[in-house]
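Reviewing the structure listed below.
Just follow the structure's listing: the first ligand is 1, and inside any ligand the first atom is 1. Because the structure is predicted, anything quoted here is derived from the model rather than measured.
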Amino acid sequence: MKTFYIETFGCQMNAHDSEKVIGTLVGEGYEQVETPEQAELVLYNTCSIRDKAEQKVFHRLDQFKRQQSGKTFAVLGCVAQQEGANIFEKAPHVSMVCGSASYAKLPELLVQLEAGNKRVTGLTFDSDETFETPMTRRDNPHRAYITIIEGCDKACSYCVVPFTRGPERSRVSASVIKEAGELARAGYTEIRLLGQNVNSYRDPSPAGWDFATLLNQVGHVDGIRRVRFTTSHPRDFTKPIIDAIEANPALCNHVHLPVQSGSDRILKSMQRLYTVDQYMERIEWMKASRRPIAITSDIIVGFPGETEEDFELTLALLKRVEYDSIFTFKYSKRPNTPALAMGDHIPEEEKSRRLVVLQETQRQIQIRRNAAYVGRHEECLVEGFNKATGQWIGRTSQHKTVNFLRPATEESIIGQYLNVEVTRAGPHSLAGQAVN
Ligand code: SAM
Ligand code: SF4
């Protein structure tokens, strides 16, 4: 058993975990293949943030249920942690179930599988180590993820993450800076610092850096031109983070600060640990900054007990903040979470209605905000080329997508930084012409 196929569902944390899992497997002598049909070991790195995401892995596994394929199946990530050994009941052809807090044990679990063991699990939270691997197979040659903190110590009442990713474990700052330096020397220019709540980062080494210090230091690594970070929790988001962005040109003009709801009553019920006023104080820091900081958010509609009035407060908050973009979610019931036991669950059709109204309100904001970019010059990291339209695809520091034209050249310009004059704007992207 030496070939493997891996499919990843869910967030950037999962995408990066998979890069590390691939690095570990390659280090153990496995070869990655393109399709599950070609593979002897098939791994699914799963997401359970909402019910729909969770069902996906069982659909995938069902496809192989009746086939005597001779393959070994492994379920990794959040569904693995949440369902544990129950997965063997639901899908008896699965041999490995391993949550993200146990990935350091993967080499050991692989040895057990190779020895013919039919049921192996890694489901404990007994280690306070983070998952560091000497090899990480990165899927983008210019932009790299670095995990700085794993797990989550918050207890938002709708969220499975504290159950599926375990308690917070921060990485030693020297190890983060070393990895950033290695990435820069390998040609990466953009770094994304990852964690469920990066703001609660606490360096476990004697240096004792907080998140703002770490962010600033990563921005000083030679060769790194852009640093992003996600996700920030409003309760732990501090003014020194804005000060670091102002002082350090490598730190991008973008903060993702999920609010979830514009109603204090719902925020309390969600156990988010801040009020709308406290949230707005942080927004004001950004709006008062010398840097044009783009602000994005996550919003849940239809949380148990959310009245029309609560929902209207969320719409009012959207208009007050004028977000650059938002991720919108219909509340989804999750096992083990306190919200599950709350009364007054909102009917599905009503959640869908609120989602549409929310998205349309935000679309109008984006049309207005993006129109202000027409005529400006924006520095873009070129990320791709769209053959159908003949346009290059770039990203601004504010994380806006710019589709642009440029005189034809033989060489690829992907990975380069170019100035683009914005000539048109839509709700979701900008369009323009390269000027250098
Ligand atoms: N740690 C981050 C935070 O605090 O914002 C991200 C957590 S989660 C991976 C990303 C988003 O999924 C959350 O911000 C929330 O809006 C949404 N989400 C989490 N649980 C949900 C649920 N049960 N139903 C609907 N959306 C949910
Ligand atoms: Fe989930 Fe809240 Fe932790 Fe984010 S901060 S991962 S929403 S519990």
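- Residue Arg334 has no N or O atom closer than 3.5 Å to an N or O atom of ligand 1.
- Ligand 1 places these atoms under 4.0 Å from at least one heavy atom of Arg50: 24 (N), 25 (C), 26 (N).
- Within the listing of ligand 1, atoms 5 (O) sit less than 4.0 angstrom from a heavy atom of Pro258.
- Put simply, the side chain of Thr389 reaches to within 4.5 Å of the side chain of Asn386, judged on heavy atoms.
- The pair Lys239-Glu246 fails the salt-bridge criterion, with no side-chain N (NZ, NE, NH1 or NH2) lying under 4.0 Å from an Asp/Glu carboxylate O.
- Only protein N, O or S atoms were considered, and those under 2.8 Å from atom 3 (Fe) of ligand 2 are Cys152 SG.
- Residue nearest to atom 18 (N) of ligand 1, selected from Ile49, Thr164, Asp298: Ile49 (by heavy-atom distance).
- Inspection of the His254 and Thr296 side chains reveals an N or O donor paired with an N or O acceptor under 3.5 Å.
- Heavy-atom contacts of Gln196 reach the following atoms of ligand 1: 1 (N), 2 (C), 6 (C), 7 (C) (cutoff under 4.0 Å).
- With rounding to the nearest 0.5 angstrom, the CZ atom of Arg395 is 11.0 Å from the SG atom of Cys252.
- Side-chain polar atoms of Ser175 and Glu132 form a donor-acceptor pair below 3.5 angstrom.
- For atom 4 (O) of ligand 1, the choice among Arg272, Lys154, Arg235 with the nearest heavy atom turns out to be Arg272.
- For the pair Arg50 and Phe329, the NZ or CZ position fails the cation-pi test of under 6.0 Å to the six-membered ring centre and within 45 degrees of the ring normal.
- With no hydrogens or angles considered, a side-chain donor-acceptor pair links His256 and Asp298 at under 3.5 Å.
- Of the candidates Arg165, Gln260, His233, the one placing a heavy atom closest to atom 16 (O) of ligand 1 is Gln260.
- The option from Phe329, Tyr331, Phe327 that lies nearest to atom 17 (C) of ligand 1, judged by heavy atoms, is Phe329.
- Here the shortest heavy-atom distance to atom 3 (C) of ligand 1, taken over Asp51, Thr231, Val259, Asn199, belongs to Thr231.
- For Glu7, the side chain to side chain contact (heavy atoms under 4.5 Å, CB included) criterion is met by Tyr5, Phe9, Tyr44, Arg60, not counting sequence neighbours.
- For atom 20 (N) of ligand 1, the nearest protein heavy atom (residue, atom name, distance) is Tyr158 CD1, 3.2 Å.
- Remark: Arg320 CZ to Leu313 CG distance equals 10.0 Å, nearest 0.5 Å.
- Shown are Ser261, Cys156, Ser263; of these, the side-chain contact (heavy atoms from CB on, under 4.5 Å) with Met270 is made only by Ser261.
- Nearest protein heavy-atom neighbour of atom 7 (S) of ligand 2: Tyr158 OH, 3.4 Å.
- Heavy atoms of Lys330 approach ligand 1 to within less than 4.0 angstrom.
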Identify all side-chain donor-acceptor contacts of residues 18-28 below 3.5 Å with residues at least two apart in sequence or on another chain.
residue, atom, partner, partner atom, Å
Ser18, OG, Thr8, OG1, 2.8
Ser18, OG, Asn14, O, 3.4
Ser18, OG, Asn45, ND2, 2.9
Glu19, OE1, His16, ND1, 2.9
Glu19, OE2, Asp139, N, 3.0
Lys20, NZ, Phe131, O, 3.1
Lys20, NZ, Thr147, OG1, 3.2
Thr24, OG1, Lys20, O, 2.9

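- When each atom of ligand 2 is checked for a heavy atom of Arg272 under 4.0 Å away, the hits are 2 (Fe), 7 (S).
- Ligand 1 has at least one atom lying under 4.0 Å from a heavy atom of Ile300.
- There is a side-chain donor-acceptor pair under 3.5 Å between Gln366 and Gln362.
- Qualifying side chain to side chain contact (heavy atoms under 4.5 Å, CB included) partners for Arg185, counting only residues two or more places apart in sequence or in other chains: Glu182.
- Protein heavy atom in closest approach to atom 24 (N) of ligand 1: Ser332 N, 3.0 Å.
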